[in-house]
Structure formats: structure tokens, C-alpha cells
Peer 1: 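My questions will all concern the structure given below.
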Amino acid sequence: MSSHFGNILRQALKTFDRKNQSSFINNLGVLKQLTDQLSKRDILIHEELLRDSVYRIQGRAPCTYMHIFENESVSMSVFIMRGGYTMPLHDHPCMHGLLKVIHGNLRIQTYTPEVNTGSDSMQFDMTKEKEVEVIQDEPIMVTSDMGCTLLTPTDRNYHEITAVGGVAAFFDILAPPYDADVPGIGPRKCTFYKAIQTSFLEEQSKCNEETSDDSICRKYSKNRLKLERIPAPVSYYCDTTDPHEELLRTVFVYSKEAYSS
């Protein structure tokens, strides 16, 4: 039984339980520390799923999805991507997310909404707009020996992920899950986007209203983009695979413990 994964599950359930909101920041920090240490050995992934040759088979999907756990507060899963494949740019409305690379290398490009009210409901409403104004964050390269990447409802909430140099796999925690209800708004839906470079003159004018520093304005204009909503790309589709029986046993034992406490 994978006790380390069990500890992550236990801590995730504690962190995202609404009755623990007063200690959320501390609990999230503990969850991140535990997830930083996760490895593919804790997930018990079959090694053949991580071989490049598997994804050269004709008709094979470019991505494999493994569902591990989900309740009304949190979901956990693994995505395995063939080398060179990019998971399209998408959002995580009103969600916190932790992404831990467990095999290979990923390039992660994130975007942060420019209008940051700190309100989860406002962030969710923004996804209904045809375009969203964002600041493009610096892309990062993440490997399996690095800690996890964190996104929040208002920071780095939009991202695209590329497997670099071969097959890559990552473990994902999302809270709340997609389709979970946002009170007064409805279920969270995943929306896809394409990035659009805005007009330099338009952005230069807006920047000059805020500062007279040309260097700041040039950087501001370069990093400020619009994301335009698009239909789900036809390139994004996944095969599925079941978790190892031992991992499922861990999920059962630790989730039962959490619910009974």
C-alpha cells in the first residue's frame, strides 16, 4: 500500500474541506510539501505506459488519462503525454490546482487574468466572456525531481502543457473538480482558448497612462495578451487506463478513514 499517496489524499481532503477554511493556507502548504515528494513509484504506474514506442502505435491517442479519486471537493488523476504533444490552453474556474511531474519533462505556459479582484465568482464569470485579458507568465520547465506547480483561482489559472523530449506524466489535484457547482452560478466547465497578441500602440497608450517608463511599457505590452474562447480542439483526446489495484486499495482505506473521522 502506498502510504505516501495515502497521506496526500488525507491531506487534500482536509485542506479542501470547507469546515477547515480558517486553516486553509497552512493546510495547502502541507499538501504542497507532500505532493512535492510524490514519485511515480507512489502511483504504481505500469512502466510500459511510459515508453515512447507505445505512442507510435497507429490510432493511439496522444494522451492517456488515469482517474484516481473524486468527490465533491477534490479530484486526483494522472495524465501521460507523448513526446512533443501539447495539452491545449484551458482554464480552471474557481479552482486550486497542484501539478506534479512524475516522469519526463514538461514545459508549462501559464497566464494570469489582468483583472484580479480576488473573487472566485468574478474569476468564474470571466470565463463566460468571449475574450479574457491576461498577463503571460514566464514559461517554466518542470522535471520529475522538482516540486509541484501551484495554480489558484486568480493566479496562473490558464495554462497549456507540453511534453518535452519524450513521454511525460503528471499527477494532478484539482479542487473543486470540474462540474462541481459554483453557488449562484452553476457547474464549473473547462473552456479552451487561443492566445492573441494585442496591438502594441493600444497597449503603449494604456501603459503610458499609468507610467512614463518606456522599458516598463515595452515589457507590459509584450506580456499582455487576450485569450479568445474556442471549441475544444480536435487534437485533444485521451485513452484511459485504470489505476493499479494497490493504489485503489490505498484510496479506499484512506478515504474511508477521512470520512469516518
Side-chain angles (χ1 to χ4, degrees), residues 1-21 23-51 54-55 61 63-81 87 92 95-106 108 142-152 161 163 167-180 188 190 238-261:
M1 183 177 295
S2 175
S3 59
H4 184 66
F5 177 80
N7 290 334
I8 291 174
L9 175 57
R10 177 195 290 139
Q11 184 62 33
L13 292 172
K14 179 180 179 180
T15 300
F16 298 111
D17 188 329
R18 288 186 175 274
K19 69 183 181 184
N20 297 324
Q21 283 186 326
S23 55
F24 174 74
I25 298 300
N26 288 337
N27 281 327
L28 182 62
V30 174
L31 177 60
K32 184 181 185 306
Q33 290 177 353
L34 289 169
T35 308
D36 285 344
Q37 301 165 19
L38 185 76
S39 74
K40 63 184 178 182
R41 292 185 298 276
D42 298 306
I43 302 293
L44 303 172
I45 293 180
H46 296 294
E47 284 296 325
E48 59 265 26
L49 291 174
L50 304 175
R51 295 174 184 160
V54 169
Y55 291 90
C63 185
T64 298
Y65 171 74
M66 178 193 295
H67 172 80
I68 298 176
F69 174 83
E70 182 172 324
N71 68 1
E72 68 280 359
S73 300
V74 64
S75 66
M76 296 182 176
S77 58
V78 169
F79 287 89
I80 307 170
M81 301 164 55
M87 183 177 290
H92 297 82
M95 296 179 186
H96 284 83
L98 294 91
L99 183 159
K100 176 63 173 77
V101 177
I102 55 175
H103 178 82
N105 309 287
L106 292 181
I108 304 176
V142 188
T143 64
S144 58
D145 59 353
M146 298 170 64
C148 66
T149 301
L150 176 68
L151 62 87
T152 77
I161 305 167
V167 173
F170 65 91
F171 170 71
D172 212 21
I173 301 176
L174 293 177
Y178 284 116
D179 292 329
R188 294 165 176 80
C190 182
C238 297
D239 290 330
T240 60
T241 188
D242 294 326
H244 194 285
E245 289 183 4
E246 190 66 24
L247 185 65
L248 291 176
R249 190 173 298 114
T250 300
V251 169
F252 175 78
V253 170
Y254 280 80
S255 59
K256 183 179 179 181
E257 170 200 294
Y259 291 138
S260 61
S261 62

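What you see below is based on every heavy atom in this structure, not just the backbone, and it leaves out hydrogens, waters and symmetry mates.
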Peer 1: What is the distance from atom CG of Leu151 to atom CE of Met95, rounded to the nearest 0.5 Å?
Peer 2: 9.0 Å

Peer 1: Is there a side-chain contact between Phe69 and Leu9 (heavy atoms, below 4.5 Å)?
Peer 2: yes

Peer 1: Under the side-chain hydrogen bond (donor to acceptor under 3.5 Å, both in side chains) test, which residues partner Asp242, sequence neighbours left out?
Peer 2: none

Peer 1: In Å and rounded to the nearest 0.5 Å, what is the OH to CG distance from Tyr65 to Asp172?
Peer 2: 9.0 Å

Peer 1: Among residues at least two apart in sequence or on other chains, which ones pass ring pair (Phe, Tyr, Trp, His ring centres under 6.0 Å) with Phe24?
Peer 2: Phe16, His96

Peer 1: side-chain contact (heavy atoms from CB on, under 4.5 Å), that's the test. Do Met87 and Cys63 meet it? Break it down for me.
Peer 2: CA-CA 9 Å; Met87 183 177 290; Cys63 185; 4.3 Å; yes

Peer 1: Mind checking ring pair (Phe, Tyr, Trp, His ring centres under 6.0 Å) for His67 and listing every partner two or more places apart, or none if nothing turns up?
Peer 2: none

Peer 1: Of all residues at least two apart in sequence or in a different chain, which pass the side-chain contact (heavy atoms from CB on, under 4.5 Å) check with Glu47?
Peer 2: Lys40, Leu50

Peer 1: So, taking the atom named OG1 in Thr15 and the one named CD1 in Ile8, what distance separates them when rounded to the nearest 0.5 Å?
Peer 2: 11.0 Å

Peer 1: Sequence neighbours left out, what passes ring pair (Phe, Tyr, Trp, His ring centres under 6.0 Å) with Tyr55? Give chain and number order.
Peer 2: none

Peer 1: State, to 0.1 Å, how close Leu44 and Glu246 come at their nearest heavy-atom pair, and which atoms those are.
Peer 2: CD1-CB, 3.6 Å

Peer 1: Distance-only criterion, 3.5 Å: show the donor-acceptor pairs between side-chain atoms of residues 30-37 and protein atoms not counting sequence neighbours.
Peer 2:
unit_1	atom_1	unit_2	atom_2	d
Lys32	NZ	Asp36	OD1	3.2
Lys32	NZ	Asp36	OD2	3.3
Thr35	OG1	Leu31	O	2.8
Asp36	OD1	Cys148	N	2.7
Gln37	NE2	Gln33	O	3.4

Peer 1: Under the side-chain contact (heavy atoms from CB on, under 4.5 Å) rule, what do Ile45 and His103 come out as? Steps first, then yes or no, please.
Peer 2: CA-CA 10 Å; Ile45 293 180; His103 178 82; over 6 Å; no

Peer 1: So, for Gly147 and Val142, which heavy atoms are closest and what is the spacing to 0.1 Å?
Peer 2: O-CG1, 4.1 Å

Peer 1: With Ser73, which residues qualify under side-chain hydrogen bond (donor to acceptor under 3.5 Å, both in side chains), at least two apart?
Peer 2: none

Peer 1: Would one find more than 12 heavy atoms of other residues, nucleotides or ligands at under 6.0 Å from atom OH of Tyr178?
Peer 2: yes

Peer 1: Can you sort out the partners of Glu245 under salt bridge (Lys or Arg N to Asp or Glu O under 4.0 Å), two or more places apart, ordered by chain and number?
Peer 2: none

Peer 1: Among residues at least two apart in sequence or on other chains, which ones pass side-chain hydrogen bond (donor to acceptor under 3.5 Å, both in side chains) with Asp179?
Peer 2: Lys189

Peer 1: Mind checking whether Val78 and Thr64 have side chains closer than 4.5 Å, heavy atoms only?
Peer 2: no

Peer 1: To the nearest 0.5 angstrom, please state how far the CD atom of Glu257 sits from the CG atom of Leu13.
Peer 2: 10.0 Å

Peer 1: Let's go through Leu38 and His4 carefully: what are the C-alpha distance in whole Å and the side-chain angles of both, what is the deciding distance for side-chain contact (heavy atoms from CB on, under 4.5 Å) to 0.1 Å, and is it a yes or a no?
Peer 2: CA-CA 7 Å; Leu38 185 76; His4 184 66; 4.1 Å; yes

Peer 1: Give me the atom names and distance for the closest heavy-atom approach of Asn105 to Ala168.
Peer 2: O-CB, 3.6 Å

Peer 1: Give the minimum heavy-atom separation between Pro177 and Asn71, together with the two atoms involved.
Peer 2: CG-O, 3.3 Å

Peer 1: Tell me every residue that passes side-chain contact (heavy atoms from CB on, under 4.5 Å) with Asp17, counting only those two or more places apart in sequence or in another chain.
Peer 2: Lys19, Asn20

Peer 1: Rounded to the nearest 0.5 Å, what's the gap from CG on Leu174 to CZ on Arg188? Could you check?
Peer 2: 10.5 Å

Peer 1: Does the plane of the ring in Phe171 sit parallel, tilted or perpendicular to the ring in Phe5? Use 30° and 60° as the thresholds.
Peer 2: perpendicular

Peer 1: Looking at Glu48 and Arg51, is any side-chain nitrogen of the basic one under 4.0 Å from a carboxylate oxygen of the acidic one?
Peer 2: no

Peer 1: Going through the checks in order, is the side-chain contact (heavy atoms from CB on, under 4.5 Å) test met by Ile102 and Ser144?
Peer 2: CA-CA 5 Å; Ile102 55 175; Ser144 58; 5.6 Å; no

Peer 1: Taking salt bridge (charged side-chain N to carboxylate O under 4.0 Å, His left out) as the cut-off, I'd like each qualifying pair that reaches into residues 65-74, sequence neighbours left out, listed once.
Peer 2: none

Peer 1: Can you name the closest pair of heavy atoms from Ser255 and Val251 and give their distance?
Peer 2: OG-O, 2.5 Å

Peer 1: Of all residues at least two apart in sequence or in a different chain, which pass the side-chain hydrogen bond (donor to acceptor under 3.5 Å, both in side chains) check with Asp42?
Peer 2: Ser39

Peer 1: Just how far is it from atom OG1 of Thr149 to atom CG of Leu98, taken to the nearest 0.5 Å?
Peer 2: 9.0 Å

Peer 1: Flag the pair Val167 / Met81 as yes when at least one side-chain heavy-atom distance between them is below 4.5 Å, and no otherwise.
Peer 2: no

